[in-house]
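Working notes, structure below.
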Amino acid sequence: MHLSEQEIQRRSDREELEKLGIDPYPSETFPVNVSTRDIHENYEKRKMDYKDISLAGRMMSRRIMGSASFAEIQDSRGRIQLYVRRDDICPGEDKTLYNTVFKKLLGIGDILGVKGFVFTTQTGEISIHVKKLHLLSKSLKPLPVVKEKVDEAGNLQTWDAFTDHEQRYRQRYVDLIVNPEVRNTFVQRTKVVNSIRNYLNDRGYLEVETPVLQPIYGGATAKPFKTHHNKLDMSLYLRIANELYLKRLIVGGFDGVYEFAKDFRNEGMSRFHNPEFTQVELYVAYKDYIWMMDLVEKMVEKVALDLHGTTEVQVGENVINFQRPWKRYTMFEAIEHYTGVDISGMDENQLRETALEMDLELDGSMGKGKIIDEIFGERCEPHLIQPTFITDYPIEMSPLAKKHRSKEGLVERFEAICNGKEVCNAFSELNDPQDQRERFEDQLELGKRGDEEAMVLDEDYLRALEYGLPPTAGLGVGIDRLVMIMTNQNSIQDVIFFPQMKPEKKAEVSSVQDYIDHGVREELVPILEKLGIQTIIQLKELNPNKLFNDVCGMRKKMKLKEVKNPTLDEVKAWVEALN
RNA sequence: GAUUCCGUAGCUCAGCUGGUAGAGCAUCUCCCUUUUAAGGAGAGGGUCCUGGGUUCGAGCCCCAGCGGGAUCACCA
């Protein structure tokens with residue numbers, strides 16, 4: 001493994017610490033009695049309470065000014081400045097702890113425990129005057145150092161920010177250490193989930209768990225991930241939704257169930273799509289979609305209030321206001337409003353023509369429902385910035401929703417659209433088993449026409465419906481997208497800790513032992529590595545005379561006086577062994 | 001999957017028409033009793049993503065690949 005200069009330095013610092021009898025990874029607990037946030041919030045009010053404090057965290061900066069130093073330590077809540085004076089942490093004659101350990105062997109990124117008292121410096125910064133200093137964990141990787149300053153206007157300026165998306169997502173731990181707003185986004189994410197969970201629990205709905213591995217996937221139109229169970233020797237699918245299982249539970253007699261579900265869809269990725277994502281689905285017996293619209297409005301309004309204390313949320317250029325009531329359009333009204341065309345009476349051919357006139361791309365597998373969905377998705381959805389309910393969808397695109405009580409060809413379904421994207425989907429659940437069977441059969445037909453997302457027929461679900469599903473309202477809320485809006489993030493990757501990425505490629509590198517086994521003296525290995533040789537195989541292609549010269553030259557350049565040069569015969573042996 | 005942009009030191013980024021690689025921070029050494037992104041002085045640090053090609057000569061030009069971003073498509 002190739003180590004950078006700084007990594008080698010840190011490994012050597014670690015060894016020096018051990019030689020001084022300091023365990024770089026001690027096992028004893030370090031008692032903490034205060035957080036940085038507690039100090040910042042309460043010190044001014046209750047100064048006497050902060051005379052004997054104990055705090056742990058990661059050292060983020062260090063400024064040495066002779067026999068006194070300043071450092072910043074970061075815990076899970078924030079940062080605070082440390083004031084470390086030589087004669088305080090080294091009261092006796094031996095000044096090693098300050099001069100050697102603190103000034104030389106510790107570094108940015110190390111996790112420290114400190115004991116002392118809180119005070120305010122001459123420049124007015126609340127700080128900890130350190131009396132005792134403990135190393136709790138030595139960091140061997142240099143941390144990207146981000147400097148920040150609040151200017152007179154109150155704006156946060158940053159220098160050398162850690163911004164590379166690939167590194168931030170692959171090494172989220174580093175992202176979290178150096179970019180505090182990232183941590184905050186994820187705290188907010190959990191608040192969104194808690195807010196919804198509390199809302200639903202307060203109404204007496206039961207949080208449940210249903211299978212992730214499903215023999216028949218269902219509940220949505222999407223392509224699944226397929227896997228295999230060895231002992232049962234059968235195919236299983238990672239769920240694309242949990243809808244059908246939750247409704248089985250309503251059949252079983254629960255009157256309100258919900259689940260925060262990780263769902264998996266084997267489709268494209270974008271800033272709105274990760275292969276695994278989170279939805280909360282809720283089913284409530286003896287209710288309909290109109291009732292559910294009220295619930296969504298109240299619940300999401302509460303989420304905004306819980307997070308921000310207001311119903312208004314800044315999202316990109318827009319301020320989105322979640323205050324009830326939200327606008328409501330039927331799907332046909334929305335299309336007419338944004339395109340001027342009334343499609344409510346059209347058959348499939350007329351719809352196809354209309355869509356083509358709007359320059360939309362269609363393919364042969366698209367039925368009536370998909371075409372309408374295409375028109376809506378292209379011409380209406382992007383315009384819907386403020387939260388808006390779209391109701392009464394065509395029956396063809398909603399195989400699990402109940403027929404509309406009064407409008408022919410439609411179902412009792414709504415979506416809430418916000419910032420141009422769907423954030424939830426709900427309907428009065430179809431509970432007529434015969435109708436449901438026919439809808440599944442229509443889906444099979446679509447599947448035969450080439451629609452890869454068409455649903456498959458689930459006999460067990462139909463059997464459950466035959467026992468009788470009460471009238472039920474169902475809801476799915478995309479948590480990732482709701483969090484994106486609530487936290488003003490532009491990409492789903494910024495609200496998922498570990499978004500899916502291609503694996504990092506590992507460069508093939510021979511180990512020192514590989515070289516020794518090949519007859520290369522250990523002390524010569526760093527020279528070969530320095531010459532850019534990664535694997536022993538590479539030696540095969542080299543001219544032994546040139547390699548001999550290069551090794552001797554590099555030994556001189558690296559000033560390795562104690563290393564004996566190889567002989568030409570030695571080098572020839574390395575190369576010939578491979579040819 | 002398509003289009004397009006990007007990949008240079010631990011981090012952020014320069015690098016001209018092709019002429020053997022630079023800055024700030026970080027690191028190291030020395031000096032220094034309270035500083036506010038930054039105390040002073042000095043030093044070291046590079047597979048210029050990878051592999052081919054063109055050329056006397058490639059970080060730069062051409063081709064292929066890998067990884068990532070953005071937009072579009074599919075979708076939530």
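Order of the sequence lines sets the chain letters (A, B, ...), proteins ahead of strands, with each chain counted from 1.
- The same atom, C1', is picked in B:rC61 and in B:rC48; the two are 16 Å apart, to the nearest Å.
- Residue-level contact check: A:Asp480 touches neither bases nor backbone, having no heavy atom under 4.0 Å from any strand.
- Counting any heavy atom pair closer than 4.0 Å across all strands shown, A:Thr163 reaches sugar-phosphate atoms only and no base atom.
- Distance NE2 (A:His165) to P (B:rC6): 17 Å, rounded to an integer number of Å.
- Nucleotide B:rA73 is matched to nothing when pairs are restricted to Watson-Crick or G-U wobble geometry with both distances under 3.5 angstrom.
- With rounding to whole Å, A:Ile108 atom CD1 is found 12 Å from B:rA37 atom C1'.
- The phosphate of B:rU35 has neither OP1 nor OP2 within less than 4.0 Å of any side-chain N or O from A:Arg62.
- Distance A:Arg11 CZ to B:rU27 P: 17 Å, rounded to the nearest Å.
- Between A:Tyr338 and A:His383, the ring planes are parallel. Angles under 30° get that label, and only those over 60° would be called perpendicular.
- On the P atoms, B:rU54 is 23 Å away from B:rA21, given to the nearest whole Å.
- Atom NZ of A:Lys223 and atom C1' of B:rA73 are 11 Å apart (whole Å).
- The side chain of A:Phe162 has B:rC11 as its nearest neighbour among B:rC11, B:rU35, B:rG10.
- For B:rU55, there is no paired nucleotide, since no Watson-Crick or G-U wobble pair has both relevant distances below 3.5 Å.
- Counting all heavy atoms, side chain and backbone alike, A:Ile320 lies closest to A:Pro387 at CG2-CD, 3.6 Å.
- Considering only residues two or more places apart in sequence or on other chains, A:Phe277 meets the ring-ring contact (aromatic ring centres under 6.0 Å, His included) condition with none of them.
- A:Glu381 comes within contact range of no nucleotide atom at all, as no heavy-atom separation falls under 4.0 Å.
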Set out, in order, the CA-CA distance, both residues' side-chain angles and the distance that settles side-chain hydrogen bond (donor to acceptor under 3.5 Å, both in side chains) for A:Tyr98 and A:Ser69, then state yes or no. CA-CA 10 Å; A:Tyr98 183 79; A:Ser69 297; 2.7 Å; yes
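- Nucleotides B:rU29 and B:rU12, compared at atom P, are 26 Å apart to the nearest Å.
- In this structure A:Glu415 satisfies the salt bridge (charged side-chain N to carboxylate O under 4.0 Å, His left out) test together with A:Arg413, sequence neighbours excluded.
- Look at the P atom in both B:rU71 and B:rU8: the space between them is 22 Å, to the nearest Å.
- Comparing B:rC13 with B:rU17, their P atoms are spaced 22 Å from each other, to the whole Å.
- Among the atoms of the strands shown, none is found under 4.0 Å from any heavy atom of A:Arg10.
- Between the side chains of A:Gln171 and A:Asp175, not a single donor N or O lies within less than 3.5 Å of an accepting N or O.
- No engagement by A:Glu276 is indicated, since no non-hydrogen atom pair under 4.0 Å with the nucleic acid exists.
- Distance, A:Asp164 CG to B:rC49 C1': 12 Å, rounded to whole Å.
- One donor-acceptor pair, N or O on each side, does fall under 3.5 Å between the base of B:rU36 and the side chain of A:Glu125.
- Within 4.0 Å (heavy atoms only), A:Gly478 reaches no atom of the nucleic acid at all.
- For A:Phe427 and A:Tyr393, the ring centers sit 6.0 Å or farther from each other.
- Scanning both residues, A:Thr121 and A:Ser127, for their nearest heavy atoms gives CG2-OG, 3.3 Å.
- For B:rC16, there is no paired base (Watson-Crick or G-U wobble, both distances below 3.5 Å).
- A distance of about 15 Å separates the C1' atoms of B:rG44 and B:rG22, rounded to the whole Å.
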Please list, for nucleotides 23-25 of chain B, all pairs of protein and nucleotide N/O atoms separated by less than 3.5 Å.
from: B:rG24; atom 1: N2; to: A:Asp160; atom 2: OD1; distance (Å): 2.5
from: B:rC25; atom 1: O3'; to: A:Lys147; atom 2: NZ; distance (Å): 3.3

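- Residue A:Arg63 places at least one side-chain N or O closer than 4.0 Å to OP1 or OP2 of B:rA38.
- The separation of B:rG52 from B:rG42, taken at their P atoms, amounts to 42 Å, rounded to a whole angstrom.
- Remark: C1' of B:rA38 and CD of A:Gln81 are 14 Å apart, rounded to the nearest angstrom.
- Residues from residues 487-497 of chain A with heavy atoms under 4.0 angstrom of RNA chain B, sorted by number: A:Gln493.
- Pairing for B:rA64 is with B:rU50, a Watson-Crick or G-U wobble pair whose two hydrogen-bonding atom distances lie under 3.5 Å.
- Residues A:Arg189 and A:Asp480 are paired through a salt bridge, judged by an N-O separation under 4.0 Å between the basic side chain and the carboxylate.
- To the nearest angstrom, P of B:rC11 lies 12 Å from CD of A:Glu166.
- The nearest whole Å value for the distance from the CD atom in A:Gln167 to the P atom in B:rA9 is 10 Å.
- Just one residue in the list A:Val178, A:Val145, A:Val146 forms a side-chain contact (heavy atoms from CB on, under 4.5 Å) with A:Met60, and that residue is A:Val178.
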At a cut-off of 3.5 Å, list every protein nitrogen or oxygen paired with a nitrogen or oxygen from nucleotides 30-34 of chain B, distance to 0.1 Å.
from: B:rC30; atom 1: OP2; to: A:Lys104; atom 2: NZ; distance (Å): 3.4
from: B:rC32; atom 1: O2; to: A:Gly66; atom 2: N; distance (Å): 3.4
from: B:rC32; atom 1: N3; to: A:Gly66; atom 2: N; distance (Å): 2.8
from: B:rU34; atom 1: OP1; to: A:Met65; atom 2: O; distance (Å): 3.0
from: B:rU34; atom 1: O2'; to: A:Gln122; atom 2: OE1; distance (Å): 2.7

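- In the set B:rG45, B:rU12, B:rG69, B:rG69 carries the atom at the smallest distance from any side-chain atom of A:Met501.
- Between A:Glu18 and A:Arg14 a salt bridge is recorded (basic side-chain N to carboxylate O distance below 4.0 Å).
- Using C1' as the reference atom, B:rG39 and B:rC32 are 8 Å apart when rounded to the nearest Å.
- Between A:Arg265 and B:rC74 there is no side-chain N or O to OP1 or OP2 distance below 4.0 Å.
- Residue A:Asn274 is classed as a base contact, given a heavy-atom separation below 4.0 Å to a base.
- Base-pair partner of B:rC25: B:rG10 (Watson-Crick or G-U wobble, both distances under 3.5 Å).
- Across all strands shown, A:Arg168 has no heavy atoms under 4.0 Å from either base or sugar-phosphate atoms.
- Comparing A:Glu422 and A:Pro142 by the nucleotide of RNA chain B whose heavy atom lies nearest to each, the residue mapping closer to the 5' end is A:Pro142.
- Enclosure of atom NZ in A:Lys47 by more than 12 non-hydrogen atoms of other residues, nucleotides or ligands within 6.0 angstrom is indicated.
- Between A:Tyr258 and A:Tyr283, the distance separating the two ring centers is not shorter than 6.0 angstrom.
- At a threshold of 4.0 angstrom between heavy atoms, the contacts of A:Ser69 with the nucleic acid are absent.
- Salt bridge status for A:Glu7 with A:Arg10: absent, with no side-chain N to carboxylate O gap under 4.0 Å.
- Taking the salt bridge (charged side-chain N to carboxylate O under 4.0 Å, His left out) definition, one finds that A:Lys421 meets it with nothing, sequence neighbours left out.
- Across all strands, A:Met60 comes closer than 4.0 Å to no nucleic acid atom at all (heavy-atom distances).
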